[in-house]
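Residue numbers run from 1 in the order of the sequence given. What you see is a predicted model; the values in this text were computed from it and never measured.
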Amino acid sequence: MSLGGHFEYTLNVTNRNQDQCTVDRRYSDFVLLRRAIICMFPGLFVSPLPPKDTFIVMQKEDSDSVQDRKQGIINFIDSFVSHDVLGHH
């Protein structure tokens with residue numbers, strides 16, 4: 001969803017207790033999360049995020065570049081949720 005100069009991604013989250021919530025996050029939130037994981041777990045490979053496209057906010061939600069970035073963020077999240085160490089924190 002494009003909101004005044006930035007794009008937000010809606011995540012439907014389910015924790016281990018099967019509690020569910022929906023949150024909206026910006027690309028920069030994922031950048032900060034990745035940095036925090038790298039600091040907390042030095043030496044552990046953390047999947048990269050898709051590159052930041054500065055013109056993505058000007059595109060429609062169903063455009064290829066928006067969909068590619070969404071898939072890249074999904075891959076990033078899946079990589080640490082399913083990770084033996086990171087998935088338990």
Student: Are Ile73 and Ile38 grouped together when hydrophobic residues (ILVMFWY) are joined by side-chain heavy atoms under 4.5 angstrom apart?
Tutor: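 Linked, Ile73 and Ile38 end up in one cluster.
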Student: Rounded to the nearest 0.5 Å, what's the gap from OG on Ser28 to CG on Leu49? Could you check?
Tutor: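 These two atoms lie 11.0 Å from each other.
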Student: Compute both the distance and the angle, then confirm whether Arg69 meets the cation-pi test with Tyr27: under 6.0 Å from the six-membered ring centre, within 45 degrees of the axis.
Tutor: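 Yes - Arg69 lies over the ring of Tyr27, closer than 6.0 Å to its centre and within 45° of its axis.
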Student: Measuring only between side-chain heavy atoms, which start at C-beta, is Asn12 closer than 4.5 Å to Val23?
Tutor: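 Result no, sub-4.5 Å side-chain heavy-atom pair not found.
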Student: Say you draw a straight line from CZ of Arg35 to CG of Leu32; how long is it, rounded to the nearest 0.5 Å?
Tutor: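 Those atoms lie 6.0 Å apart.
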Student: Taking the side chain as every heavy atom from C-beta outward, state whether Ile74 and Tyr9 have any pair of such atoms under 4.5 Å apart.
Tutor: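 A side-chain contact under 4.5 Å is absent here.
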Student: For Asp24 versus Glu8, what's the shortest heavy-atom pair and its separation?
Tutor: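 The pair with the smallest heavy-atom distance is CB-OE1, 3.4 Å.
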Student: Can you list the steps and then say if Leu11 with Ile77 is a side-chain contact (heavy atoms from CB on, under 4.5 Å)?
Tutor: CA-CA 10 Å; Leu11 303 171; Ile77 292 171; 4.0 Å; yes
Student: Could you pull out the closest heavy-atom pair between Pro50 and Gly72, with the gap in Å?
Tutor: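 Taking Pro50 first and Gly72 second, the nearest heavy atoms are CD-C, 3.7 Å.
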Student: So Phe41 and Val46, do their side chains get closer than 4.5 Å, heavy atoms only?
Tutor: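 With C-beta onward as the side chain, the pair stays apart.
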Student: Using the test side chain to side chain contact (heavy atoms under 4.5 Å, CB included), find all partners of Asp29 that sit at least two apart in sequence or belong to another chain.
Tutor: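 Arg25, Arg26.
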